[in-house]
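Please read all numbers here as calculations on a predicted model, not as lab measurements. Lettering of chains follows the sequences in order, A, B, ..., and the numbering in each one begins at 1.
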Amino acid sequence: MQLQSFFEQFLKGSSIFINKKLLQPNYLPDQVIERDEFMHEIAKILAPALKNEKPSNLFIYGKTGTGKTLITRRITADMQKVAEQNNIPLRVIYINCKLRRVADTEYRLMAQLAREFGRILPATGLPTDTVYSTFYELIDEKEQLILLILDEIDQLAKRAGDNILYNLTRINTELKRAQLSLIGISNDLIFADQLDTRVKSSLSEEEVVFPPYNAVQIQGILNERAQKSFKENTLQPGVLEKCAAYAAREHGDARRAIELLRVAGEIAERKNCLYVEIKHIDEAQEKIDRDKLYDVTLHQPRQHQVLTLALLTLGMKQPTIISGELYNVYEQNCQKIKLRPLTQRRVSDVISELEMLGIVQSQVISKGRYGRSRNITLAVPRASLVTMKELLVSTLGITE
DNA sequence: AGGTATTCACATGAAACTATTCTCTGAGTTAGG
DNA sequence: TAACTCAGAGAATAGTTTCATGTGAATACCTGT
């Protein structure tokens, strides 16, 4: 009957949290703190929309977790509310271009936009121009102003080329009744420099740059959220400070700070502690890293897993791995499980992908007469290497 | 000694290919009038 | 004759392969002292 008491305990609710929702990454607070100037600046730029005048296209830069998305969503949500009350034809569409298989290509973005207006288009089969014209027709049905927010627009441009951005900026010339303003959000600060000049100038009629938060600001944010999500006196002194310090080190990423705090709380809760202690933060940090690794590796295609295994095997033996060496081990592994190995060219790209996912770090170095290679280092807590390796060996069914 | 040229072992880029999933179109087939 | 079926042409996309070109510095090779 142990389970029963466990469930009873569970039902009684959390010992630490009041409302964990506030710490979830997609939570949209009623008020955004520590970013007042930017709120006002952006609000000023977008305000004409409420008078049915097309606002300038807006471009927002800033690293991850600096509040770009949050603020944009907050402002536009408020605007929409005002618009509804006053019967203003304003439509806000938020699209995250990073979402794989949703809006990361020209076709899919347009299809997704059409979906926002209630027209479901097939995932494939139609020519791209058809999808474009469908969207045009849909929005031009009535007089209205559309604020199109494209989050992580750099990803879109990288994958789909800047052709699509050009088309988007020109969209207003095609429309008779409706008007459309673009709000692009990018993590990549140098992204705009690589754009076609025409696109760049019309896309960023207005520009706002979000600097990273400093430790004090992050602490302020954490404080605010913690007050509403944790029970009183459940955070030991120093916990928030430590969270903030961790995050400030990671280029002021508030999202990560909040996640860290949440996970630390969950750990404390699971251990039946009455308080969140400082050591829980360290554990949380480790857990986040570990989970990321597990998650990524276990959901990857087989080929990537075999490569990751080779990486782990070598990484346990030596601090840095050289690409050629890695490829050899990878090839041997492939033979063991009778898998046709990928070409070196492809493996090179896969390594880059793994780097993007934060599993490895790499650096191209020249060894003079002995060629040019990539020096790869594992960016994973050493403690999880062994378990991870075993896990991979068993999923892949390799017999040593 | 000092300077230049070579050379290695890959990196990086572009294009083309393969396989899958899906739409659209028009020819052929069917069933009812 | 209208409705239905179905094969084939085209598209979009992911994941590769193939081919071509680039690259940085340790060494090999000169050159003149």
Using a heavy-atom cut-off of under 4.0 Å over every strand shown, decide if A:I322 touches base, sugar-phosphate, or nothing. nothing
Which nucleotide sits closest to the side chain of A:S348: B:dC22, C:dA14, B:dT12? B:dT12
What's the NZ-P distance between A:K158 and B:dT12, to the nearest Å? 14 Å
Quick one: is B:dA9 close enough that its OP1 or OP2 comes under 4.0 Å of any side-chain N or O from A:S373? no
Is A:F135 reachable from A:L156 through a run of I, L, V, M, F, W or Y residues, each pair having side-chain heavy atoms under 4.5 Å apart? yes
On DNA chain B, nearest-nucleotide positions of A:T124 versus A:P127: which is more 5'? A:T124
Nearest-nucleotide wise, let me know which of A:T105 and A:G125 is further upstream toward the 5' end of DNA chain C. A:G125
Tell me if the aromatic rings of A:Y330 and A:Y327 count as close, with their centers under 6.0 Å from one another. yes
note: A:R346, atom CZ; C:dT17, atom P; distance rounded to Å ~ 8 Å
Whether A:R198 engages the ring of A:Y166 as a cation-pi pair (distance to the six-membered ring centre under 6.0 angstrom, angle to the ring normal within 45°) should be assessed. yes
Without decimals, in angstroms, what is the distance between A:I120 CD1 and B:dT23 C1'? 16 Å
If the cut-off is 4.0 Å, is A:Y370 near the phosphate of B:dT7, judged by side-chain N/O to OP1 or OP2? no
Within the pair A:S323 and B:dC10, is there a side-chain N or O less than 4.0 Å away from OP1 or OP2? no
Using atom CG of A:L307 as one end and atom C1' of C:dG15 as the other, report the distance to the nearest whole Å. 15 Å
Please tell me whether A:F230 and A:F17 form a close aromatic pair, meaning their ring centres lie under 6.0 Å apart. yes
Please state how far atom CZ in A:R374 lies from atom P in B:dA9, giving the value in whole angstrom units. 18 Å
Mapping A:R372 and A:R369 onto DNA chain B by nearest heavy atom, which one lands closer to the 5' end? A:R369
Do the side-chain N or O atoms of A:S366 get closer than 4.0 angstrom to the phosphate oxygens (OP1, OP2) of C:dT23? no
Counting any heavy atom closer than 4.0 Å, what does A:Q344 reach on the DNA or RNA strands: base, sugar-phosphate only, or nothing? sugar-phosphate
Heavy-atom count check: over 12 atoms from other residues, nucleotides or ligands less than 6.0 Å from A:R255 CZ? no
Given C:dT13, C:dT18, B:dC22, the nucleotide with the shortest approach to the side chain of A:Y107: C:dT13
Using whole Å, report how far OH of A:Y330 lies from C1' of C:dT16. 11 Å
Please state how far atom CZ in A:R345 lies from atom C1' in B:dA14, giving the value in whole angstrom units. 9 Å
C:dA11 phosphate, OP1 or OP2, under 4.0 Å from A:R108 side-chain N/O: no
Taken to the nearest whole Å, CD1/A:I164 to P/C:dT13 is 10 Å
